[in-house]
Number of protein chains: 2
Amino acid sequence: MAMFRVCTYNVNSIRSRRELLFMWLERSQVDVICLQETKVEERAFPFPDFEKIGYHCYVKGQRTYNGVAICSKLPLQDVFKDTSMDILDKESRIIGGRLGDIWLINVYFPHGDLRGTPKFTYKLAFYQQFYQFLAENFSPEDKIILLGDMNVALEDIDVYDPVLLRDTIGTMEEERSALRKILEWGFVDTFRYLYPNKVQFTWWDYIGGAVWKDQGMRIDYILVTKPLLPSVRDVYVDMWARKRRSPKPSDHAPVVCLLEL
Amino acid sequence: MAMFRVCTYNVNSIRSRRELLFMWLERSQVDVICLQETKVEERAFPFPDFEKIGYHCYVKGQRTYNGVAICSKLPLQDVFKDTSMDILDKESRIIGGRLGDIWLINVYFPHGDLRGTPKFTYKLAFYQQFYQFLAENFSPEDKIILLGDMNVALEDIDVYDPVLLRDTIGTMEEERSALRKILEWGFVDTFRYLYPNKVQFTWWDYIGGAVWKDQGMRIDYILVTKPLLPSVRDVYVDMWARKRRSPKPSDHAPVVCLLEL
DNA sequence: GTGCGTGGAG
DNA sequence: CTCCACGCAC
């Protein structure tokens with residue numbers, strides 16, 4: 001029996017977040033960190049910094065946009081960076097691997113821009129194809145941790161002002177049902193499972209200092225299949241980096257899940 | 001009798017140099033600092049930061065390029081930002097004022113790009129018109145401190161490799177004679193006057209880490225008219241900021257002159 | 001508001 | 001190499 005900390009963090013560029021990220025890693029002592037929006041090609045990823053503090057890194061990079069990575073104290077097996085599905089593989093948004101009998105799948109779902117735009121269509125198609133990817137390659141009986149920036153706030157409680165934000169990106173019914181379909185396949189939203197009524201966001205717009213008014217959304221998730229649910233001890237959003245003024249933080253905060261394995 | 005420190009500093013953007021500049025000001029305790037390449041319009045100049053530590057600021061700003069300022073512990077009189085001469089007033093390159101019976105003239109002379117280009121023509125025309133401005137408005141009997149980035153290395157001793165740099169910008173004969181003409185009007189190059197054989201640069205290219213090999217040029221000057229020469233106690237280039245790696249320094253170092261008045 | 005890439009300036 | 005402006009993404 002060992003405590004295991006797994007984390008999802010949209011860093012909004014790993015180059016500009018390097019210093020703060022490593023300060024945070026020293027504090028947080030997570031065993032696995034799943035990064036989104038690293039915004040670098042693999043050759044520019046700071047492997048040495050991670051290796052120096054004992055992480056093995058698996059990186060699917062891309063310049064300017066997107067980019068995901070898994071950094072783990074224990075090496076992963078069966079790492080995959082491609083799904084052989086056109087929409088999922090179009091950009092660097094998915095990376096996965098196995099840690100013993102547990103699958104980790106780190107996904108940066110598309111933002112979607114505005115309803116009716118090609119990006120919105122792409123977001124919904126991405127969700128649909130991701131469902132297909134799950135169904136074809138995994139079983140709800142597998143131990144899977146699916147985590148990342150889903151770019152959807154599942155319920156009204158997951159946004160700071162559901163009336164103001166009605167029908168804006170991340171809160172629309174077709175987005176919510178796309179994410180709900182993933183959950184219905186066999187995942188549990190660990191945070192909402194443990195804290196049914198807690199208002200806690202993971203992202204706050206840079207504009208207008210939204211974080212100081214706690215005007216945010218919960219769009220970053222750690223989902224687990226049912227076989228893993230008994231192991232979940234806690235889930236929390238770590239505000240330490242997000243509430244700093246310098247070095248400038250990401251607009252997201254990391255979400256950390258404690259499992260007893 | 002009081003010691004008086006006057007300084008010229010091409011900061012290469014006051015916005016990106018703010019933190020380092022104020023660290024330096026605290027150390028250096030200069031009475032007057034003349035800035036070049038502030039690269040901000042007057043409304044974006046950090047007046048409050050200077051006022052907090054007791055400086056009165058006089059600013060001729062411009063967005064993106066150029067921009068000069070004089071910040072002084074004692075208020076200036078007869079501040080001028082225009083010369084009514086077309087070439088001199090085309091960009092924000094000159095600001096002046098009077099401190100008792102001493103005139104301060106802070107100039108950012110044009111860089112000149114390459115011989116034969118319009119910018120090179122502009123540089124020579126600027127020098128020529130500046131000479132005219134001096135002749136028409138001042139006398140060599142006045143107490144004048146003319147300081148700034150002259151973008152000319154007067155002699156071979158003022159560049160790290162005169163052979164390599166022969167006929168490159170800042171070392172060409174027509175540029176040197178343009179600056180020499182200013183001196184001949186009635187100025188003394190305080191640094192060379194006190195240190196006839198000293199090799200000391202004020203600017204080092206960012207490229208190739210030139211500062212670490214001391215591959216630079218002396219292009220920033222503090223010139224004084226003869227009536228002020230007996231007051232000059234020392235002149236030195238302060239490398240403190242330039243040799244730091246962070247916050248990133250300007251490619252120039254400040255030149256400081258001590259006068260006993 | 002804060003990233004990144006580009007292109008001009010030095 | 002490091003500034004700035006611009007345009008785009010989020």
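Hydrogens, waters and symmetry mates play no part in the numbers below; they use all other heavy atoms, side chains included. The structure displayed is predicted, hence computed values, not measured ones.
An OP1 or OP2 oxygen of D/dT2 is reached within less than 4.0 angstrom by no side-chain nitrogen or oxygen of B/Arg17. Of the side-chain N and O atoms in B/Lys119, one or more sit less than 4.0 angstrom from OP1 or OP2 of C/dG10.
Comparing D/dC10, C/dG3, D/dC3 by their nearest atom to the side chain of A/Ser16 picks out C/dG3. Across D/dC3, C/dA9, C/dG10, the shortest atom-to-atom separation from the side chain of B/Tyr108 is found for C/dG10. When distances run from any side-chain atom of B/Arg15 to the nucleotides D/dA5, D/dC3, C/dC4, the shortest one goes to D/dA5. If you check C/dG3, D/dC4, D/dC10 against the side chain of A/His111, the one that comes closest is D/dC10. Between D/dA9, C/dG10, D/dC10, one nucleotide has an atom nearer to the side chain of A/Glu37 than all others, and that is D/dC10.
No side-chain donor-acceptor contact under 3.5 Å links B/Glu37 and B/Asn12.
Near DNA chain C, meaning a heavy atom under 4.0 Å from it, residues 239-254 of chain A has A/Lys248 in order of number.
Residues A/Arg63 and A/Tyr206 each lie close to DNA chain C; by heavy-atom proximity, the contact nearer the 5' end of the strand is made by A/Tyr206.
Judged by the 6.0 Å distance and 45° axis criteria, B/Arg93 is positioned over the aromatic ring of B/Tyr108. In this structure, A/Arg242 fails the cation-pi test against A/Trp212, since its NZ or CZ atom is not both closer than 6.0 Å to the six-membered ring centre and inside 45 degrees of the ring normal.
To the nearest 0.5 Å, the span separating CG on B/Asp82 from NZ on B/Lys60 amounts to 4.5 Å.
For A/Tyr127 and A/Phe130, the gap between ring centers reaches or exceeds 6.0 Å. Checked against a 6.0 Å centroid threshold, the rings of A/Trp204 and A/Tyr160 do not count as neighbours.
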